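Naming: A, B, ... by sequence-line order, numbering from 1 per chain. Note: hydrogens, waters and symmetry copies are ignored here, and every other heavy atom, side chains too, is used. Note that the structure is a prediction, hence the values are computed from the model and not measured.
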2 protein chains.
Amino acid sequence: MRKRVSLKDIAHELGVSTAVVSYVLNDKYEGRVSEAKAQQIRETAKELNYTPNQIAKSLKKDKTFTIGLIIADISNLFYSNIARYIEDESKKHQYNMIFGSADENAEKFNELVQVMLSRQVDGIILAAPKGTESTLEYLKDQYIPFVLIDRHFPSIPDINTIGINNFQASYRVVEHIAKNGFRKPAMVTLSVDLFHMRERTAGFKNASKELLNILKPEVVEIDEEVLSGEIEDRMLKLIKDGVDLVYFSTNKIAMEGLAVLVKHNISVPREIGIICFDEADAYKIFHTSITFVKQPLQQIGQESVELLISLINGNQSAKSIVLGTQIIAGNSSAPH
Amino acid sequence: MRKRVSLKDIAHELGVSTAVVSYVLNDKYEGRVSEAKAQQIRETAKELNYTPNQIAKSLKKDKTFTIGLIIADISNLFYSNIARYIEDESKKHQYNMIFGSADENAEKFNELVQVMLSRQVDGIILAAPKGTESTLEYLKDQYIPFVLIDRHFPSIPDINTIGINNFQASYRVVEHIAKNGFRKPAMVTLSVDLFHMRERTAGFKNASKELLNILKPEVVEIDEEVLSGEIEDRMLKLIKDGVDLVYFSTNKIAMEGLAVLVKHNISVPREIGIICFDEADAYKIFHTSITFVKQPLQQIGQESVELLISLINGNQSAKSIVLGTQIIAGNSSAPH
DNA sequence: TTGAAAGCGCTAACAC
DNA sequence: GTGTTAGCGCTTTCAA
């Protein structure tokens with residue numbers, strides 16, 4: 001069977017101590033080991049196909065060079081994209097990443113946190129689902145370095161957060177809508193009680209009132225579980241009611257909503273205008289180029305890793321980083 | 001600062017030995033520890049918020065309950081979907097998964113293998129890029145349990161493989177094409193020297209000759225690096241040449257190809273028929289439902305994990321599992 | 001029923 | 001320059 005080669009094997013082979021081998025293989029032998037012996041050790045290591053055992057190293061140093069990432073929902077493109085950036089950035093800093101999706105489920109989230117902790121991750125980046133405040137408090141109490149992305153829990157003070165201004169992003173969407181001559185927009189969103197989603201809705205409502213003089217802005221909330229079943233009727237109703245543009249609050253809703261339009265042969269922007277939150281590669285096979293709110297995914301990934309690592313290295317400050325968004329204008333919301 | 005709670009802390013708190021605590025917390029104390037003491041220990045563990053240190057456990061037991069997954073290209077939906085299934089299945093078997101993408105780069109692949117080995121994964125599932133035969137040989141020589149998915153290297157005998165019959169899948173696509181009255185199909189694929197892709201092409205060519213009496217089947221090969229730049233001209237040329245259906249050999253090519261059709265307002269299947277290899281959620285926002293070859297992703301994920309775990313547990317047999325594919329007929333290749 | 005102790009592979013403080 | 005050794009947190013054998 002398989003027998004992994006250890007420091008001891010190399011030491012034994014050469015009749016030296018494991019310490020010497022460790023020094024050489026970690027390039028810490030300046031003034032300790034003769035160059036000749038060092039060379040020998042390196043050669044033997046190569047010959048024997050030595051691979052250092054990180055598990056042992058981690059145990060000894062109480063540091064795994066691993067960060068945990070827990071996202072809320074892997075089936076959302078936004079998160080899978082961000083996961084990529086976080087992985088890339090981690091690698092740049094010589095960290096590994098281990099990863100899990102909580103599927104918007106608080107219990108699953110808590111389990112994942114436990115798994116990550118027992119695997120001794122040095123820190124965690126997380127997009128927490130609803131109802132996980134106590135776990136966040138726990139992490140904070142335990143001084144476990146963590147950074148919250150995308151989501152924000154105003155009830156917990158002094159935690160490290162990185163995200164966008166969702167209210168403002170939505171507000172600007174309505175500015176764009178108004179500028180391009182739409183007068184009766186509706187927002188289609190999920191009925192979920194998360195701060196960042198409420199902010200998106202609030203931005204839309206406020207701006208609709210202020211910029212379009214709409215007394216009761218139209219917001220359709222759909223339960224995530226029944227999304228693909230319900231959205232068809234809801235969309236058709238909006239159109240029948242004379243809504244002239246639909247603003248989808250996430251990627252996932254957008255895909256479902258656009259599918260309805262395709263199915264019913266509804267032309268964009270002629271019959272209805274469209275704006276989506278978040279981008280998707282798939283938009284390019286829709287019959288019209290899509291206007292969308294672009295979040296700085298790469299920057300979120302990058303900064304969250306950097307912030308986390310600085311926390312791991314003992315930096316104490318609680319930071320809330322708010323990044324900017326852009327509206328990428330396509331033909332789907334062209335002047336009306 | 002943070003101080004993690006260890007077995008020793010619990011033992012100390014109660015004035016017992018760490019052994020007893022270990023027994024109790026692992027439910028292995030039958031006939032060894034009194035129920036009263038066991039209860040006490042469990043309570044203290046809970047009070048102190050004890051989390052077992054998996055790193056130490058792994059070191060001791062020489063087993064990490066972690067499997068590595070290396071995929072060829074994360075930006076390919078096929079792989080990201082399969083990664084999900086593999087993660088789910090691993091979790092079911094109480095394994096964690098660590099993950100990396102080689103981006104079709106042999107060197108990156110080799111590095112990833114090293115990372116996984118040094119983190120002492122119990123086994124690896126991999127979709128290997130071109131030019132990695134020697135690494136596979138190495139893994140084999142070292143008796144490191146691994147399972148190859150999607151890809152196949154005929155030059156290496158007796159390794160565990162899970163995939164589909166690509167030749168047959170393409171052959172059946174042409175059967176479908178012929179049955180539906182198309183007479184001049186073209187295949188658009190990547191110019192990459194991988195066995196499974198060559199098989200897809202060969203199946204198309206053979207069937208075109210045998211079923212459609214085409215002497216020189218039309219196969220357009222595009223270099224992956226220039227895909228989105230080149231595909232537009234190549235597609236337009238095909239259409240000008242009177243090709244009546246295009247068969248895209250992967251997900252990624254399909255998305256780029258469909259985008260060209262959208263851009264030029266080319267109607268499917270009226271002006272050109274379409275069949276794609278692999279499914280994509282995004283197809284639903286294309287103006288016509290898409291015919292595609294469906295691989296059994298979940299089954300691939302599930303069986304690869306099961307096979308790997310059986311290898312980890314000492315099973316020696318070299319298996320090659322070939323799973324079936326389906327053609328899901330949409331309107332994009334409707335009778336002509 | 002209980003506890004002491006060895007040892008997994010590695011690092012680093014400490015002799016020599 | 002070189003080697004010895006303790007110990008990271010845990011499991012498990014062995015002795016009491």
For a side-chain contact (heavy atoms from CB on, under 4.5 Å) check, start with the C-alpha distance between A/Arg119 and A/Val115, then their side-chain angles and the critical distance, and finish with the verdict.
CA-CA 6 Å; A/Arg119 305 201 84 220; A/Val115 169; 4.2 Å; yes
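- Distances from the side chain of A/Ser22 to the nucleotides C/dA12, D/dT12, C/dT11 place C/dT11 closest.
- Contacts with DNA chain C (heavy atom under 4.0 Å) in residues 33-53 of chain B: B/Val33, B/Ser34, B/Lys37, listed by number.
- Position along DNA chain C of the nearest nucleotide to B/Leu59 versus B/Tyr23 favours B/Tyr23 as the more 5'-ward residue.
- No side-chain donor-acceptor contact under 3.5 Å links A/Tyr50 and A/Asp9.
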Inset, instruction - Give the C-alpha distance, both sets of side-chain angles, the deciding distance and a yes or no for side-chain contact (heavy atoms from CB on, under 4.5 Å) between A/Leu308 and A/Asp122. - result: CA-CA 9 Å; A/Leu308 183 64; A/Asp122 296 332; over 6 Å; no
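- Comparing D/dT2, D/dT11, C/dT11 by their closest approach to the side chain of A/Val20 singles out D/dT2.
- For the pair B/Lys63 and B/Phe65, the distance from NZ or CZ to the six-membered ring centre is under 6.0 Å and the angle to the ring normal is within 45 degrees.
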Using the side-chain contact (heavy atoms from CB on, under 4.5 Å) rule, take A/Ser304 and A/Ile86 through it: C-alpha gap first, then chi angles, then the decisive distance, then the call. CA-CA 8 Å; A/Ser304 59; A/Ile86 288 180; 3.9 Å; yes
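- The distance from atom NZ of A/Lys8 to atom C1' of D/dT4 is 14 Å, rounded to the nearest whole Å.
- For A/Ser17, the side-chain atoms get nearest to D/dG3 when compared with the rest of D/dG3, C/dT11, D/dT11.
- Picking from C/dC10, C/dA4, D/dT4 the nucleotide with the shortest atom distance to the side chain of B/Ala19 gives C/dA4.
- Across all their heavy atoms, A/Met97 and A/Ala83 have their closest contact at SD-O, 4.1 Å.
- Look at B/Lys28 and you'll find a side-chain N or O under 4.0 angstrom from OP1 or OP2 of D/dT12.
- Residue B/Lys57 places its side chain closer to D/dC10 than to any other of C/dT11, C/dC10, D/dC10.
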